Amino acid sequence: ARGVNENYARELMELHTLGVDGGYTQTDVAEVARALTGWTVLPRGGYGANAANIEQRIARGRAVGFVVDGEFLFRADAHDAGAKTILGHSFPAGGGLDEGERVLDLVARHPATARHLARQLATRFVSDDPPAALIDQLAAVFTRTDGDLRATMRALIYSPEFWASRDQKIKSPFELTVSAVRALDADIVRPRALLDWITRMGQPLYAYQAPTGYPDRATAWVNTGSLLNRMNFGLQLATGRVPGVRFDLLALNDHHEPESAEAALRTYAPKLLPERSLLGTVDRLLPAVHDPTFGQKLDQAAPTAAPQMSADDDEPTLMPDSDAAPGAVAADPTAERTRPAPGKAPGRRDRPASARTQPDAPAPTALAQVVGLLLGSPEFQRH
């Protein structure tokens, strides 16, 4: 009486198997939805009595066609057992759980699924627009091995396109953050400030509304604003202004301090960007390294502090971080909340966080500035 879940059927075919151009029709969507009726989960929690009742009925042979497998439940009494035609294949009337399983086998072995998954893998690991020949090769391996993803991935990483793809993919904000922490061999004492930075750079974790997940293309991450945020993140992290992250820059160089900022650039570039051609990177960053006002510009470009909730008040306040440099503050992905109402002068609650703080962090060292420049460089943005 409640109808069928066509959205679930569409996601199965469009997102996870055949792809949007996989050759299915709206009729196929409706028929797949019918085949999957009765597929649900065993009720638990407050409905535990119902779960026990269902299991007892099955054990006594009173729930004919019901199937329980762990948390999965197939309800025969909620299944549309009429005849169906899906992707040109006939499903006779009277089917049950086997119909949904047959649908999964059908779409898993469909040629469109092989091409769709091949394109997704090539896009993820090679480039935003992978070569058609590579997609054809991966799809052929997927089909020949009956969907063996290990064999498909082996074919991918042994392909010449894979080895020619260095620097083709842009890191997502999450990947950039993780790679920067790893490059510094840092310990994360508290992740809150890093999470705020990932949000600020455009990828709040587990918050993407569409079922596709976050995009895997550079166009989703690269624009003027995002590049500025990425540069600021690298500088703030390297200069110790991201609370809750500990690292030792000198330890990366066996505790040998470079004699100059330029020496630091030439020493730390290969450490943070291994196995890359660095001549162009060093040349591009040298003017900033030699700029005597760079430290001042860094402070001016620093983002505002992130308001956090105090334990005994509902007003956003700035919580000190004992592990950060004195006065260090986090990024402010929630700055919108501090704007005053239209026509209203800013009050104490309405002033942006930066107006309620007086950061007194020590001036960043030349080494930290150089490392920050490297973490924010275009080369570090790429895989």
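The basis for the numbers below is simple: all heavy atoms, side chains too, and nothing from hydrogens, waters or symmetry mates. Keep in mind that this is a model prediction, so the values were computed, not measured.
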Fill in: Neighbour count above 12 (heavy atom, 6.0 Å) for Arg119 CZ
no
Discussion item. Please give me the minimum heavy-atom distance between Gly240 and Phe247, naming the atom from each residue.
Written reply: N-CZ, 4.3 Å
Discussion item. With salt bridge (Lys or Arg N to Asp or Glu O under 4.0 Å) as the criterion, how do Arg150 and Asp148 come out once you've worked through the C-alpha distance, each side chain's angles and the decisive distance to 0.1 Å?
Written reply: CA-CA 5 Å; Arg150 177 177 295 182; Asp148 188 333; 5.7 Å; no
Worksheet item: How long is the span from the CG atom in Leu176 to the CE atom in Met201, to the nearest 0.5 Å?
Response: 5.0 Å
Worksheet entry | Closest approach of Ser179 to Lys171 (non-hydrogen atoms, all atoms of both residues) | OG-NZ, 3.1 Å
Practice prompt. Taking the side chain as every heavy atom from C-beta outward, state whether Phe91 and His89 have any atom pair closer than 4.5 Å.
Written response: yes
Practice prompt. Before accepting this row, confirm whether a basic side-chain N of the pair Glu31/Arg102 lies closer than 4.0 Å to the acidic partner's carboxylate O.
Written response: no
Worksheet item: So do the side chains of Val67 and Arg75 get within less than 4.5 Å of each other, counting heavy atoms only?
Response: no
Discussion item. Under 4.0 Å between a side-chain nitrogen and a carboxylate oxygen: does that hold for Asp196 and Arg192?
Written reply: yes
Worksheet item: Would you call Leu184 and Leu375 a side-chain contact if the rule is heavy atoms closer than 4.5 Å?
Response: yes
Discussion item. Does Asp69 have more than 12 heavy atoms from other residues, nucleotides or ligands lying within 6.0 Å of its CG?
Written reply: no
Worksheet entry | Those residues that, when tested against Ala59, pass side-chain contact (heavy atoms from CB on, under 4.5 Å) (two or more places apart) | none
Discussion item. Under the criterion side-chain contact (heavy atoms from CB on, under 4.5 Å), I'd like the reasoning laid out for Phe380 against Leu374: C-alpha separation, chi angles, the key distance, then a yes or no.
Written reply: CA-CA 7 Å; Phe380 195 82; Leu374 288 168; over 6 Å; no
Fill in: Close side-chain approach of Val41 to Leu73, heavy-atom, < 4.5 Å
no
Worksheet item: Are Trp221 and Leu228 grouped together when hydrophobic residues (ILVMFWY) are joined by side-chain heavy atoms under 4.5 angstrom apart?
Response: no
Worksheet item: Only one of Val32, Val29, Thr17 clears side-chain contact (heavy atoms from CB on, under 4.5 Å) with Tyr24; which?
Response: Val29
Worksheet item: Should Tyr214 and Leu15 be regarded as members of a common hydrophobic cluster, given that ILVMFWY residues are connected when their side-chain heavy atoms come within less than 4.5 Å of each other, either directly or indirectly?
Response: no
Fill in: Leu252 reachable from Leu250 in the ILVMFWY side-chain graph, under 4.5 Å edges
yes
Response to the item:
dist Lys84:NZ -> Ile86:CD1 (nearest 0.5 Å) comes out at 7.0 Å
Worksheet item: Measuring from His383:NE2 to Ile170:CD1, what's the distance to the nearest 0.5 Å?
Response: 8.0 Å
Discussion item. List the residues meeting side-chain hydrogen bond (donor to acceptor under 3.5 Å, both in side chains) with Thr25, not counting sequence neighbours, and say none if there are none.
Written reply: Asp28
Worksheet item: Does Arg217 offer a backbone N or O that forms a donor-acceptor pair with the side chain of Lys169 under 3.5 Å?
Response: no
Practice prompt. Give, for atom OG1 of Thr37 and atom NE2 of His79, the distance between the pair rounded to the nearest 0.5 Å.
Written response: 5.0 Å
Worksheet item: Where do Phe142 and Ala108 come nearest, in terms of heavy atoms and distance?
Response: CE2-O, 3.8 Å
Practice prompt. Give, for atom OG1 of Thr40 and atom CZ of Phe74, the distance between the pair rounded to the nearest 0.5 Å.
Written response: 11.0 Å
Response to the item:
Note: Gly95 and Ala81 closest approach over all heavy atoms is O-CB, 3.7 Å
Discussion item. Would a single hydrophobic cluster contain both Val222 and Ile198, if residues Ile, Leu, Val, Met, Phe, Trp and Tyr are joined by side-chain heavy-atom contacts under 4.5 Å?
Written reply: no
Worksheet item: Can you name the one residue among Ile157, Leu134, Ile135, Leu138 that meets side-chain contact (heavy atoms from CB on, under 4.5 Å) with Val126?
Response: Leu134
Worksheet, complete the sentence: Here the pair of heavy atoms bringing Asn253 nearest to Lys271 is OD1-CE, 3.2 Å
Worksheet item: So with a 6.0 Å cut-off around CD of Gln26, is the heavy-atom count from everything else above 12?
Response: yes
Response to the item:
Heavy atoms of Ala218 and Asp128 approach each other most closely as N-OD2, 2.8 Å
Worksheet entry | Working for salt bridge (Lys or Arg N to Asp or Glu O under 4.0 Å), residues Glu175 and Arg124 | CA-CA 13 Å; Glu175 292 169 331; Arg124 178 68 182 88; 2.7 Å; yes
Worksheet item: Does a side-chain N-to-carboxylate-O contact under 4.0 Å join Arg34 and Asp80?
Response: yes
Worksheet item: When rounded to the nearest 0.5 angstrom, what distance separates CZ in Arg166 from OG in Ser277?
Response: 10.5 Å
Discussion item. Checking Val178 now: which residues fulfil side-chain contact (heavy atoms from CB on, under 4.5 Å) with it, not counting sequence neighbours?
Written reply: Phe174, Arg182
Discussion item. Under the criterion side chain to side chain donor-acceptor pair (under 3.5 Å), I'd like the reasoning laid out for Gln381 against Arg230: C-alpha separation, chi angles, the key distance, then a yes or no.
Written reply: CA-CA 8 Å; Gln381 309 302 312; Arg230 287 170 177 243; 2.8 Å; yes
Worksheet entry | Pair Phe72 and Trp39, ring centroids less than 6.0 Å apart | yes
Practice prompt. Would you check, one step at a time, whether the test side chain to side chain donor-acceptor pair (under 3.5 Å) holds for His16 with Glu11?
Written response: CA-CA 7 Å; His16 306 303; Glu11 289 183 8; 5.1 Å; no
Worksheet entry | ILVMFWY cluster, Ile54 and Leu97 together (side-chain gap under 4.5 Å) | no
